[in-house]
S.K.: 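Let me begin by handing over the structure; questions about it come next.
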Amino acid sequence: MKSEFDVCIIGSGAGAGPVAYELAQSGFKVLVLEKGPWFKEEDFTKDEIACCRRDTYTPKLKDESHVIEDRENDKWTATSNKDLNWSFWNGNMVGGSSNLMSGYFHRLKPVDFRLLSTFGKIEGANIVDWPISYADMEPYFAKVEKIVGVSGKVVHHPNQEPRSTEDFPQPPTKEHITSEWIDSAGKKLGYYPFPMPRAILSKSTQKRNQCVYTGYCGSYGCTTKAKGSSRAALLDPAVASGNCEIRPNSKVFKIASGKDGKASHVLYYDSENKKQKAHASIFVVACQAVESSRLLLLSKGPKHRNGLGNNCGQVGKNLIFSAGGKGGADFYKEDLSEEAFKRLNEQGTFVNRALQDWYIINDHPDFSGSIKGGTIDFLLGHSNPIRRAVRLKWENGELLWGKALKDKLENHFHTTRRLEFEVFCDWLPTDNCFVTLDKNETDKWGTPVAKIRIGYHEHDLKVGKYLAQKAEKLLRTMGGRNVYSSISPSPPANLMAGGCRFGIDPRSSVLDPDCRVHDAPNVFVTDGSFMPTGGSVTYTWAIYANAFRVADKIKNQLK
């Protein structure tokens, strides 16, 4: 088995795929070590039990836990998620959690790179400007559109970000009738709904087929390669080049380094739990935020006594998630024409609508002056029938049985449909959201697990509630009933970033502006860990774009 490569990439998700793709296409020899299995299209069935009721795509918590530190009555309490059954693992497989995303793709905006300069300090928040600008990233946003495949239609609105291309390379996916209803209600209210870009192919291209509109997208793998996962869009062609080798079921537990601070090799357990070693000129860490911080902390060496890149104690600090929450409304058959309800019950097509009217908020009652706002995306209630049915078994605190339950289920599935929304706003980095190593608990290999403190900033909740009120108003204007929203401080584990923020000063950052570890010149981190602030959108597009950007830096360093 070959052990020496130009580049060794640890992880295979959105932060890994672009690097593997670019370097393999350029003729460099690339090794990708992925802890999870290598699933193919035929493995991604639309089985709710396998996908969403079991740990099919994530480790069993009894084997690989995290310790969660949460605040209760102003006291921090640490609990193993073996006991909580609250997983912070995301899609452990070749391609990572990008296999399971819904494909909502929004670019960051220029203001996201200059949060501190634009809005000033917020007490209790570690806000900084990025060391690069939107202009530095824009060519790579465009590159993602072309290579990964993004569908949509550019419709100019007040907060449209600058673009170097006129439109997306793929036309929008087929749209559900509720898209028209959102447009109509938005017009009445003076809102500017716009088509939401998606990393889903509406037309077949090269060796990937177009979407077949099953209605099972988010949380499910794609059977046609239409979804722009790292595996389908980037790793498959990287392997086809003959220059990229992927080793699944390979658990890296240390990056070894010498007295000069440079990494020399990685140590990992293979599929038979045997220790293995791999050498490379350059190493790329892309394990998602929590696990990337954990791996660096575990990788001690002569020049890295406290962990690789942690000489200033910054690894794991300023962990962020996506703040916000969700809401929705029910639309009833009795309120609609027969044709309208028939179209409402159509399965598989996409709502494809978003609002960014309040990406900057100027009239929030709790704040003076402008503050950063966020994004509202609309989507149909998930197709999963079991999850929907389970929610219906209770009524007024009583468990329903027999005919009462059957009647309620029949009424729900045949006379109503739910339209939901999700709110995305900045999770401000604070001193109370970070990753360390737990001193007591280990995984099945005897390695200390990550301990995650999940503190939040009250500012985030205020912004989220403000945006939710705007979304609720639109749903009521559409004629929705039972309108509700829930803005929560609980972090969405599938939207994590930070922990290895990039910056100019090694005293306050882990990586330089090229995402190279400050005191380990041949180690890069390319997942969402690099982000000092998250923006008010989902993170995948930014991670993809930045990884393409860093791939260019790595190519230059190898040359």
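Bear in mind that the values here come from a model prediction, so they are computed numbers and not experimental data.
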S.K.: Measure up the Phe331 and Trp181 rings against each other and bin them: parallel (under 30°), tilted (30 to 60°), perpendicular (over 60°).
M.R.: tilted
S.K.: Give me the atom names and distance for the closest heavy-atom approach of Ala493 to Ser87.
M.R.: CB-O, 3.6 Å
S.K.: Tell me yes or no: between the side chains of Gln170 and Ser151, is some donor less than 3.5 Å from an acceptor?
M.R.: no
S.K.: Does NZ in Lys225 sit with more than 12 non-hydrogen atoms of other residues, nucleotides or ligands closer than 6.0 Å?
M.R.: yes
S.K.: Do you know which two heavy atoms are closest between Gly152 and Pro172, and how far apart they sit?
M.R.: O-CD, 3.5 Å
S.K.: Just by distance, do the side chain of Ser529 and the backbone of Cys500 share a donor-acceptor pair under 3.5 Å?
M.R.: no
S.K.: Is it the case that Ser117 and Asp129 place a side-chain donor and acceptor less than 3.5 Å from each other?
M.R.: yes
S.K.: Find the distance between CD1 (Ile320) and CE (Met531) and round it off to the nearest 0.5 Å.
M.R.: 6.0 Å
S.K.: Is a side-chain donor or acceptor of Asp47 paired with a backbone partner of Ile49 at a separation under 3.5 angstrom?
M.R.: yes
S.K.: Decide yes or no on salt bridge (Lys or Arg N to Asp or Glu O under 4.0 Å) for Arg294 and Glu291, but give the supporting numbers first.
M.R.: CA-CA 5 Å; Arg294 177 193 178 203; Glu291 288 301 302; 2.9 Å; yes
S.K.: Side chain of His176, backbone of Leu344: donor and acceptor closer than 3.5 Å?
M.R.: yes
S.K.: Nearest 0.5 angstrom please: Thr540 OG1 to Leu495 CG, how far?
M.R.: 7.0 Å
S.K.: To the nearest 0.5 Å, how far apart are NZ in Lys470 and CG in Leu355?
M.R.: 11.0 Å
S.K.: Would you call Leu234 and Val148 a side-chain contact if the rule is heavy atoms closer than 4.5 Å?
M.R.: yes
S.K.: Are side-chain N/O atoms of Lys35 and Ser250 paired as donor and acceptor at under 3.5 Å?
M.R.: no
S.K.: When you compare the side chain of Ile182 with that of Leu474, does any pair of heavy atoms fall below 4.5 Å?
M.R.: yes
S.K.: Does a side chain donor of either Lys29 or Asn243 reach within less than 3.5 Å of an acceptor in the other side chain?
M.R.: yes
S.K.: Between Phe502 and Trp130, is a ring pair (Phe, Tyr, Trp, His ring centres under 6.0 Å) present by the stated rule, with each step listed?
M.R.: CA-CA 8 Å; Phe502 71 163; Trp130 287 34; 5.5 Å; yes
S.K.: Under 3.5 Å, is there a donor-acceptor pair between the Thr223 and Glu41 side chains?
M.R.: no
S.K.: Should Lys207 and Asp236 be marked as a side-chain contact (heavy atoms from CB on, under 4.5 Å) after you check the CA-CA gap, both sets of side-chain angles, and the distance that decides it?
M.R.: CA-CA 10 Å; Lys207 295 183 179 180; Asp236 282 358; over 6 Å; no
S.K.: Looking only at heavy atoms, which two atoms of Ala232 and Pro237 are closest? And how far apart?
M.R.: O-CD, 3.9 Å
S.K.: With a 4.5 Å cut-off on side-chain heavy atoms, are Ile10 and Val266 touching?
M.R.: yes
S.K.: For the residue pair Thr375 / Gln356, report whether a side-chain donor-acceptor contact shorter than 3.5 Å exists.
M.R.: yes
S.K.: Taking atom types as modelled and ignoring hydrogens, do the side chains of Asp183 and Tyr192 form a donor-acceptor contact shorter than 3.5 angstrom?
M.R.: no
S.K.: What's the spacing between Leu379 CG and Leu419 CG if we round to 0.5 Å?
M.R.: 7.5 Å
S.K.: Between Leu558 and Ser281, what is the shortest heavy-atom contact and its length?
M.R.: CD2-CB, 4.1 Å
S.K.: Would a distance-only check, ignoring hydrogens and angles, find a side-chain to backbone donor-acceptor pair under 3.5 Å from Glu161 to Val111?
M.R.: no
S.K.: Does Glu22 reach the side chain of Lys143, with side-chain heavy atoms less than 4.5 Å apart?
M.R.: yes
S.K.: Do we see a donor-acceptor contact under 3.5 Å between the side chains of Thr173 and Asn352?
M.R.: yes
S.K.: Within the structure provided, determine whether Phe524 and Ile554 are in side-chain contact (heavy-atom separation under 4.5 Å).
M.R.: yes
S.K.: Hey, which of Tyr140, Phe141, Tyr104 is the one that makes ring pair (Phe, Tyr, Trp, His ring centres under 6.0 Å) with Trp541?
M.R.: Phe141
S.K.: Checking Val285 against Ile255 for the side-chain contact (heavy atoms from CB on, under 4.5 Å) test, could you report, in this order, the C-alpha distance in whole Å, the side-chain angles of both residues, the deciding distance, and whether it holds?
M.R.: CA-CA 10 Å; Val285 179; Ile255 304 170; 3.7 Å; yes
S.K.: On the six-membered ring of Phe341, is Arg417 placed so that its NZ or CZ lies under 6.0 angstrom from the centre and within 45° of the ring axis?
M.R.: no
S.K.: Test Gln288 against every option in Asp527, Asn92, Asn90 by the side chain to side chain donor-acceptor pair (under 3.5 Å) rule and name the one that passes.
M.R.: Asn90
S.K.: Find out whether Asn494 and Trp89 are in side-chain contact, i.e. whether some heavy atom of one side chain is under 4.5 Å from a heavy atom of the other.
M.R.: no
S.K.: Within the supplied structure, the quantity of interest is the number of heavy atoms (other residues, nucleotides, ligands) at a distance under 6.0 Å from Lys46 NZ; does it exceed 12?
M.R.: yes
S.K.: Would you say the side-chain atoms of Asn99 pair up with the backbone N or O of Val94, donor to acceptor, closer than 3.5 Å?
M.R.: yes
S.K.: For the backbone of Tyr216 and the side chain of Ser383, can you confirm whether one donor and one acceptor N or O come within less than 3.5 Å of each other?
M.R.: no
S.K.: Within the distance-only criterion (no hydrogens, no angle test), does the side chain of Asp6 pair as donor or acceptor with the backbone N or O of Val30 below 3.5 angstrom?
M.R.: no
S.K.: Step through the shown structure and confirm whether more than 12 heavy atoms of other residues, nucleotides or ligands are within 6.0 Å of CD on Gln206.
M.R.: no
S.K.: Would Asp377 and His106 satisfy side chain to side chain donor-acceptor pair (under 3.5 Å), going step by step from the backbone distance to the final call?
M.R.: CA-CA 10 Å; Asp377 286 339; His106 295 288; 2.9 Å; yes
S.K.: State, without any angle test, whether Ser202 and Gln210 hold a side-chain donor-acceptor pair at a distance under 3.5 Å.
M.R.: no
S.K.: Ignoring hydrogens and angles, tell me if any N or O in the side chain of Arg107 forms a donor-acceptor pair with the backbone of Gln160 under 3.5 Å.
M.R.: no
S.K.: Using side-chain contact (heavy atoms from CB on, under 4.5 Å), reason through Phe113 and Met137 one step at a time and then give a plain yes or no.
M.R.: CA-CA 10 Å; Phe113 295 76; Met137 283 277 273; 3.8 Å; yes
S.K.: Considering non-hydrogen atoms only, spot the tightest contact between Trp358 and Ile361 and give its length.
M.R.: O-CG1, 3.5 Å
S.K.: Side-chain contact, heavy-atom cut-off 4.5 Å: Ser322 with Thr538?
M.R.: no
S.K.: Look up atom CD1 in Ile127 and atom CG in Leu116, then write down how far apart they are to the nearest 0.5 Å.
M.R.: 7.0 Å
S.K.: Distance from Phe5 atom CZ to Cys244 atom SG, nearest 0.5 Å?
M.R.: 9.0 Å
S.K.: Where does the angle between the aromatic ring planes of His382 and Tyr220 fall among parallel (under 30°), tilted (30 to 60°) and perpendicular (over 60°)?
M.R.: tilted
S.K.: Determine, step by step, whether Leu380 and Thr349 satisfy the side-chain contact (heavy atoms from CB on, under 4.5 Å) criterion, reporting the C-alpha distance in whole Å, the side-chain angles of both residues, the deciding distance to 0.1 Å, and the verdict.
M.R.: CA-CA 9 Å; Leu380 292 166; Thr349 52; 5.5 Å; no
S.K.: Within 45 degrees of the ring normal and closer than 6.0 Å to the centroid, is that where the cationic atom of Lys109 sits relative to Tyr359?
M.R.: yes
S.K.: Counting N and O atoms only, with roles assigned by atom type, does the side chain of Tyr21 sit under 3.5 Å from a partner on the main chain of Phe548, one being a donor and the other an acceptor?
M.R.: no
S.K.: Using every non-hydrogen atom in the two residues, find where Glu145 and Phe168 come nearest and quote the distance to one decimal.
M.R.: OE2-CE2, 3.4 Å
S.K.: Compute whether any side-chain donor of one residue and acceptor of the other, for Tyr268 and Asn249, lie under 3.5 angstrom apart.
M.R.: no
S.K.: Between Lys372 (side chain only) and Asp426 (backbone N and O only), is there a donor and an acceptor less than 3.5 Å apart?
M.R.: no
S.K.: Would you check if Cys425 and Leu467 make a side-chain contact, meaning some heavy-atom pair closer than 4.5 Å?
M.R.: yes
